[in-house]
Amino acid sequence: MSDRLRIIGVEETVVVPAVYEAYQRAGSPQIFSRGFGDSPIAKNLHEVGEQRLAHMDDQGIDIAVLSLSSPGVQDLPEADAVAVAREANDQLAGIVASRPDRFQAFAAIPTQSPAAAAAELERAVCELGFPGAMLYGRTGDKLADHPDNDELYATAERLAVPLHFHPQTPVQPVIDAYYSDLPDPMGPVLAGAGLGWYYDLGVQYLRMIFSGVFDRFPDLQVIAGHWGEVVMFYLDHTGFFGEAGRLRQPLADYFKQNFWVAGSGTNSPRYLRWTAEVMGTDRMLYSTDYPFTYGFRPGGFPYVDTSNGEARSFLESSPFTDEQKADIGHRNWERLTARAKRPSA
């Protein structure tokens, strides 16, 4: 490319003190993905200073849109979630203010309380200047299509901000049925980032469509990571049941009108080409899923490592025009968020 491609990563993960302390109080699992321990991932989740900037430079990422590690505040007790989300968003806003040229942030949302969830999204957008929010599928036993979320979805539609969804581990009965009795450590691995995450959230996307969420809120915009969380690869098949599900339009049209898709650091040329074919490059975003994809290449596995410039080279070497690469790298994100309500004076 003649001019340097600008890249904005929209799924770049942190653990802020308010949430880390809340996890400790709640007795949450003390695992590295929540910032516990001294593994490189746990340490990098807490890092929002020069080291993170250096890693972004190493990846080739210009701006990171920060969000809480899954499941955010959505598995905290309801009595704590509202206050913790507010404090976490204030801390995220402070990180952004320290380097507004390099950081943006998605709001944490206390979905346990429908009214508080909508109010916190409004505060985060209108007062803190956030471009949207990160959600984590279900809250307790309530899935993403539960009517309790309608007030939040209506607020996101009114404010014209996207909701990025990130998976979380399936419920225990699903783990027991499908991921138990496997050699260590493959049960938990497959239930989580190996496979189970993506099916868990992908099914919720279909539930949102078939339960009418996007008919009620036709301008609601959702960002799907991990190349669409599995279900996008089956739209041609699942769409056969659109009439039985009384959809107002073909299933694929909901994805092309209400969804944006990013790869979450899985540098697969096949997934990239397929997503472009299904969605079009004007509905694609970019993300690295830092720090979960940074500096790890077991056995030379090539697809989930964004360090040493791999995040940048993957997009730069893609089979698209320079204009399409710029769309995926930064312009689609800028167009998506340009309509958002600006902060109050």
Side-chain angles (χ1 to χ4, degrees), residues 3-21 35 40-70 72-73 84-109 120-121 123-134 161-162 164 166 223 225 262 264-265 285-295 306-312 315-316 326 328-338 340-345:
D3 297 320
R4 184 180 183 276
L5 176 65
R6 187 163 175 256
I7 299 179
I8 300 174
V10 302
E11 187 185 327
E12 318 306 314
T13 311
V14 297
V15 171
V16 297
V19 174
Y20 184 70
E21 293 163 7
I41 288 179
K43 291 179 179 178
N44 287 338
L45 281 169
H46 292 280
E47 169 60 40
V48 293
E50 293 305 315
Q51 179 173 293
R52 180 175 286 256
L53 294 171
H55 288 176
M56 289 168 58
D57 292 340
D58 179 63
Q59 293 174 300
I61 299 300
D62 297 289
I63 294 175
V65 185
L66 305 175
S67 57
L68 298 182
S69 188
S70 181
V73 302
V84 173
R86 185 180 182 92
E87 186 177 0
N89 288 333
D90 288 343
Q91 291 173 354
L92 287 168
I95 296 168
V96 173
S98 72
R99 286 301 300 264
D101 58 324
R102 303 300 304 272
F103 294 138
Q104 299 176 29
F106 280 118
I109 301 297
E120 185 57 22
L121 177 62
R123 186 184 82 93
V125 173
C126 297
E127 296 182 21
L128 302 180
F130 285 15
M134 180 68 81
V161 294
H164 194 326
H166 189 284
I223 300 172
S264 306
L285 302 170
Y286 207 71
S287 59
T288 79
D289 202 11
Y290 177 90
F292 300 103
T293 64
Y294 189 80
T306 61
S307 62
N308 296 315
E310 289 293 330
R312 172 168 292 275
L315 182 55
E316 287 184 335
I328 297 169
H330 69 95
R331 290 197 302 214
N332 289 341
W333 170 251
E334 291 167 347
R335 284 193 285 260
L336 174 59
T337 58
K341 187 174 180 180
R342 297 296 95 191
S344 57

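Along the sequence shown, the residues carry numbers beginning at 1.
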For the student: nearest non-hydrogen atoms of Ala97 and Pro100, plus distance: O-CD, 3.3 Å
Electrostatic pair Arg331:Glu334 at N-O distance under 4.0 angstrom: no
Residues Asp58, Arg52: salt bridge by 4.0 Å N-O rule: no
Pair Arg86-Glu120, side chain to side chain contact (heavy atoms under 4.5 Å, CB included): steps then yes or no: CA-CA 7 Å; Arg86 185 180 182 92; Glu120 185 57 22; 4.0 Å; yes
Whether Gln104 side chain and Ile63 backbone form a donor-acceptor pair below 3.5 Å: no
Side-chain donor-acceptor contact under 3.5 Å, Asn44 with Gln51: yes
His46 side-chain N/O to Gly35 backbone N/O, donor-acceptor pair under 3.5 Å: yes
Closest approach of Pro131 to Ala105 (non-hydrogen atoms, all atoms of both residues): CD-O, 3.0 Å
Distance-only polar pair, side chains of Glu12 and Thr288, donor-acceptor under 3.5 Å: yes
Residue list, side chain to side chain contact (heavy atoms under 4.5 Å, CB included) with Ala262, at least two apart or on another chain: Val10, Leu285, Ser287
Side chain Glu316, main chain Leu5, donor-acceptor under 3.5 Å: no
Nearest non-hydrogen partners of Ile7 and Gly60, listed with the distance: CD1-O, 3.9 Å
Partners passing ring-ring contact (aromatic ring centres under 6.0 Å, His included) against His55 (at least two apart in sequence or in another chain): Tyr290, Tyr294
4.5 Å side-chain heavy-atom contact, Thr13 and Pro291: yes
Side chains of Glu47 and Leu53 in contact at under 4.5 Å (non-hydrogen atoms): no
4.5 Å side-chain heavy-atom contact, Thr337 and Val161: no
Minimum heavy-atom distance between Ser264 and Glu11, given as atom pair plus value: OG-OE1, 2.7 Å
Arg335 and Asn332: side chain donor to acceptor below 3.5 Å: yes
From CA spacing to verdict: side chain to side chain contact (heavy atoms under 4.5 Å, CB included), Leu45, Val14: CA-CA 5 Å; Leu45 281 169; Val14 297; 5.7 Å; no
Under-4.0 Å salt bridge between Arg312 and Asp62: yes
Distance-only side-chain donor-acceptor flag, Thr306 / Thr293, under 3.5 Å: yes
Ring centre gap for His330 and Tyr286 strictly below 6.0 Å: no
pair Asn89-Arg123: side-chain heavy atoms closer than 4.5 Å: yes
Nearest atoms (heavy-atom pairs only) where Ala18 meets Ala88: CB-N, 3.9 Å
Residue pair Asp90 / Leu128, side-chain heavy-atom distance below 4.5 Å: yes
Minimum side-chain heavy-atom gap Val65-Trp333 below 4.5 Å: yes
Side-chain heavy-atom pair Ile95, Val16 within 4.5 angstrom cut-off: yes
4.5 Å side-chain heavy-atom contact, Val15 and Leu68: no
Verdict with supporting geometry, Ser69 and Phe292, side chain to side chain contact (heavy atoms under 4.5 Å, CB included): CA-CA 10 Å; Ser69 188; Phe292 300 103; 3.8 Å; yes
